[in-house]
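Notes to accompany the following structure.
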Amino acid sequence: QVQLVESGGGSVQAGGSLRLSCPAYGYTYMTDCMAWFRQAPGKEREVVAYIYSYTGVTYYRDSVKGRFAISQDNAKGTVYLQMNSLKPEDTAMYYCAADRPARTCSVNYGDYPYRGRGTQVTVSS
């Protein structure tokens, strides 16, 4: 049974930084795709970033490019999301998700069979 457990969320002021972590428990081998999604109150869940483990190829939604960085420690089976220059509009519940096997990574949350419960990020102005 694969379990994803997010941590690192919290409350920060605009311009601050947070680092989210998500270890994948129960995985013997690295996953193919690991992604971060977020959902703000009253809004749909959206992809923030993903990384394809074998090639290191990454994807970011436009609004976080240049501010967020996704990375993966394959030895630990953990994906990270470094968030800098945070803005109030980044406030949301952030979810980690994994997909394996996969030849390509999806931007749709429903395509990821393994999902965490989320960690709250709140950015105040």
Side-chain angles (χ1 to χ4, degrees):
Q1 184 73 19
V2 176
Q3 290 185 318
L4 304 177
V5 182
E6 303 93 337
S7 64
S11 297
V12 296
Q13 290 190 328
S17 298
L18 286 172
R19 188 193 193 206
L20 306 183
S21 299
C22 178
Y25 298 103
Y27 260 66
T28 303
Y29 305 101
M30 62 182 178
T31 58
D32 291 354
C33 296
M34 293 199 79
W36 288 96
F37 290 82
R38 67 185 181 187
Q39 187 169 20
K43 295 187 177 181
E44 293 187 354
R45 195 164 303 187
E46 60 186 20
V47 67
V48 177
Y50 68 62
I51 184 167
Y52 187 60
S53 301
Y54 295 102
T55 62
V57 170
T58 58
Y59 165 89
Y60 298 93
R61 69 180 304 104
D62 288 345
S63 60
V64 307
K65 286 181 180 177
R67 300 188 298 121
F68 290 12
I70 188 170
S71 62
Q72 186 171 13
D73 184 330
N74 291 331
K76 296 182 179 180
T78 300
V79 66
Y80 304 95
L81 185 67
Q82 178 66 44
M83 305 186 295
N84 300 324
S85 302
L86 283 161
K87 303 176 181 180
E89 50 264 42
D90 294 318
T91 295
M93 184 71 79
Y94 283 70
Y95 299 89
C96 174
D99 187 18
R100 184 178 187 272
R103 292 188 176 182
T104 60
C105 298
S106 172
V107 297
N108 299 312
Y109 188 69
D111 291 334
Y112 289 79
Y114 307 108
R115 309 163 184 175
R117 293 187 175 183
T119 184
Q120 178 68 38
V121 172
T122 303
V123 185
S124 59
S125 57

>> Once rounded to the nearest 0.5 Å, what's the spacing between atom CD1 of Ile70 and atom OH of Tyr50?
In response: 10.0 Å
> Got a donor-acceptor contact below 3.5 angstrom from the Glu6 side chain to the Cys96 backbone?
Replying inline: yes
>> To the closest 0.5 Å, what do you measure between CZ (Arg61) and CZ (Arg38)?
In response: 6.0 Å
> For Glu89, which residues count as a salt bridge (Lys or Arg N to Asp or Glu O under 4.0 Å) partner, sequence neighbours excluded?
Replying inline: none
>> Taking salt bridge (Lys or Arg N to Asp or Glu O under 4.0 Å) as the definition, give me every residue that meets it alongside Lys65, ordered by chain and number, with sequence neighbours left out.
In response: Asp62
For residues 13-23, dump all side-chain donor-acceptor pairs below 3.5 Å to protein atoms at least two apart in sequence or in another chain.
| unit_1 | atom_1 | unit_2 | atom_2 | d |
| --- | --- | --- | --- | --- |
| Ser17 | OG | Asn84 | OD1 | 2.9 |

>> Check whether Tyr109 forms a cation-pi arrangement with Arg115 (NZ or CZ under 6.0 Å from the six-membered ring centre, at most 45° off the ring normal).
In response: yes
>> Could you measure the distance from the CG atom of Leu81 to the OH atom of Tyr60? Nearest 0.5 Å is fine.
In response: 7.5 Å
> Where the side chain of Tyr52 meets the backbone of Ala102, is there a donor-acceptor pair that is under 3.5 Å apart?
Replying inline: yes
>> If the test is ring-ring contact (aromatic ring centres under 6.0 Å, His included), which one of Tyr94, Tyr112, Tyr95 qualifies with Phe37?
In response: Tyr112
> Hey, any chance Leu4 and Val47 share a hydrophobic cluster, counting ILVMFWY side chains that come within less than 4.5 Å of each other, even indirectly?
Replying inline: no
>> According to salt bridge (Lys or Arg N to Asp or Glu O under 4.0 Å), who are the partners of Arg67, at least two apart in sequence or on a separate chain?
In response: Asp90
> Hey, what else clusters with Tyr80 if you join Ile, Leu, Val, Met, Phe, Trp, Tyr whenever side-chain heavy atoms sit under 4.5 Å?
Replying inline: none
>> Checking side-chain polar atoms at under 3.5 Å, does Ser53 have a donor or acceptor matched by the opposite partner on Gln72?
In response: yes
> Got a donor-acceptor contact below 3.5 angstrom from the Asp73 side chain to the Lys76 backbone?
Replying inline: yes
> Taking only residues two or more places apart in sequence or in another chain, which ones pass side-chain contact (heavy atoms from CB on, under 4.5 Å) with Thr104?
Replying inline: none
>> Distance check, rounded to the nearest 0.5 Å: Thr122 atom OG1 versus Met93 atom CE?
In response: 8.5 Å
> Are side-chain heavy atoms of Gln120 and Thr91 found at a separation under 4.5 Å?
Replying inline: yes
